[in-house]
Amino acid sequence: MSEWRRGEGTAVEGPLMGVSLDLPGWVAPAVTSIGPLESDDARMGLVLDLARTNVERSEGGPFAAAVFHRHSGELVAVGLNLVLATRAPVAHAEIVAIALAGARLGTYALDSAGPTELVTSCQPCAMCLGAVPWTGVSRLVCGARDEDARAVGFDEGDKPADWRGNLRRRGIEVVEDVLRAEAAEVLRAYATAGGPIYNGMPGRG
């Protein structure tokens, strides 16, 4: 998988130490042979399989995301929540998927080679929602809802009341509740298993 690394090729220390967005080793074998996925359910199913496996293996948070070529359904890149693994507070699944997609496509505008979409296991938090317009994707597909994440203790941040309308006015289609029940169950399974609720401050959440 591609890396997002500061100081690539050099040994850096202290405040310039690099941060690598490496996905766990089991991810590549799980997605390498994935062919085009034509439906929203199929694409979300892959994302939820990744999130569920991450929970079952106790390797990170219960969130996953993927970038697809919108019309063909070809997988561009996947992301898992790497906050716990990297200690990087911003390493949410959507951010990881977006960064790796840009690296793979060789562009910061993901639609430059044709329409793309971001499929995420849960509605984006405030940070990830803010990132969506800058990616170039033209479609956002969500599984679980904000309230499903909050119900197990995650702080999703302060989002505009009309965030859906804001994205649509920018030409980004929003599709919600794709396999929502299954996506919410992944969140509950993580919480039931005692997974850390990482909300930025010790003891919060």
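Being a predicted model, the structure only gives us computed values, none of them experimental.
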Problem set entry | Rounded distance [0.5 Å steps], CD1 in Ile34 versus CG in Leu46 | 5.0 Å
Problem set entry | Derivation and outcome, side-chain contact (heavy atoms from CB on, under 4.5 Å), residues Met44 and Asp49 | CA-CA 8 Å; Met44 184 63 72; Asp49 283 344; over 6 Å; no
For this session: Can you sort out the partners of Arg70 under side-chain hydrogen bond (donor to acceptor under 3.5 Å, both in side chains), two or more places apart, ordered by chain and number?
Result: Ser138, Glu173
Seminar exercise, completed: Between His92 and Cys128, the two heavy atoms sitting closest are CB-SG, 3.5 Å
For this session: For Ala183 and Gly143, work out which heavy atoms get closest and say how close.
Result: CB-C, 4.0 Å
Exercise. Within a strict 4.5 Å, meaning less than it, do heavy atoms of the His69 and Leu75 side chains meet?
Worked result: no
Problem set entry | Derivation and outcome, salt bridge (Lys or Arg N to Asp or Glu O under 4.0 Å), residues Glu185 and Arg52 | CA-CA 9 Å; Glu185 179 55 35; Arg52 191 177 296 111; over 6 Å; no
Exercise. Short question: side chain of Gln123, backbone of Cys142 - any donor-acceptor pair under 3.5 Å?
Worked result: no
Problem set entry | Partners passing side-chain hydrogen bond (donor to acceptor under 3.5 Å, both in side chains) against Asp40 (at least two apart in sequence or in another chain) | Arg139
Exercise. Other than Val174, what residues sit in its cluster of Ile, Leu, Val, Met, Phe, Trp and Tyr side chains whose heavy atoms are under 4.5 Å apart, directly or through others?
Worked result: Val67, Val76, Ile98, Leu105, Leu110, Leu118, Leu129, Val132, Val137, Leu140, Trp163, Leu167, Ile172
Seminar exercise, completed: All heavy atoms of Ser72 vs all of Arg43, minimum pair found to be C-NH2, 4.3 Å
Problem set entry | Ser121 side chain to Ala64 backbone, donor-acceptor under 3.5 Å | yes
For this session: Taking all heavy atoms of Cys122 and all of Glu94, pick out the closest pair and write down the distance.
Result: O-OE2, 3.7 Å
For this session: Would you check if Val96 and Leu80 make a side-chain contact, meaning some heavy-atom pair closer than 4.5 Å?
Result: no
Exercise. Does Arg145 come within less than 4.0 Å of Asp148, counting only side-chain N to carboxylate O?
Worked result: no
Problem set entry | Minimum side-chain heavy-atom gap Val119-Val178 below 4.5 Å | no
Exercise. Would you call Leu37 and Phe68 a side-chain contact if the rule is heavy atoms closer than 4.5 Å?
Worked result: yes
For this session: Mind listing the closest non-hydrogen atom pair of Leu48 and Glu182 along with its distance?
Result: CD1-CB, 3.8 Å
Exercise. More than 12 non-hydrogen atoms from neighbouring residues, nucleotides or ligands closer than 6.0 Å to CG on Asp158, yes or no?
Worked result: no
Exercise. Does a donor on one side chain and an acceptor on the other come within less than 3.5 Å for Tyr190 and Asn54?
Worked result: no
Problem set entry | Short N-O contact, Arg180 and Glu147, less than 4.0 angstrom | yes
For this session: Determine whether Leu179 and Asp41 make a side-chain contact, defined as any pair of heavy atoms from C-beta on separated by less than 4.5 Å.
Result: yes
Problem set entry | Single-linkage hydrophobic cluster, 4.5 Å side-chain cutoff, Leu100 and Trp26 together | yes
For this session: Could you please spell out the steps behind the side-chain contact (heavy atoms from CB on, under 4.5 Å) verdict for Tyr108 and Thr135?
Result: CA-CA 7 Å; Tyr108 54 83; Thr135 66; over 6 Å; no
Seminar exercise, completed: Taking every heavy atom of His71 against every heavy atom of Pro115, the minimum-distance pair comes out as NE2-CG, 3.7 Å
Exercise. Is the side chain of Lys159 donor-acceptor paired with the backbone N or O of Pro124 at a distance under 3.5 Å, no angle test?
Worked result: yes
For this session: Inspect the contact between Glu176 and Arg164 and indicate whether a charged nitrogen and a carboxylate oxygen are less than 4.0 angstrom apart.
Result: yes
Exercise. Would you find more than 12 non-hydrogen atoms of other residues, nucleotides or ligands less than 6.0 Å from Trp134 atom CH2?
Worked result: no
Problem set entry | Verdict with supporting geometry, Leu23 and Leu82, side-chain contact (heavy atoms from CB on, under 4.5 Å) | CA-CA 8 Å; Leu23 296 173; Leu82 299 179; 4.2 Å; yes
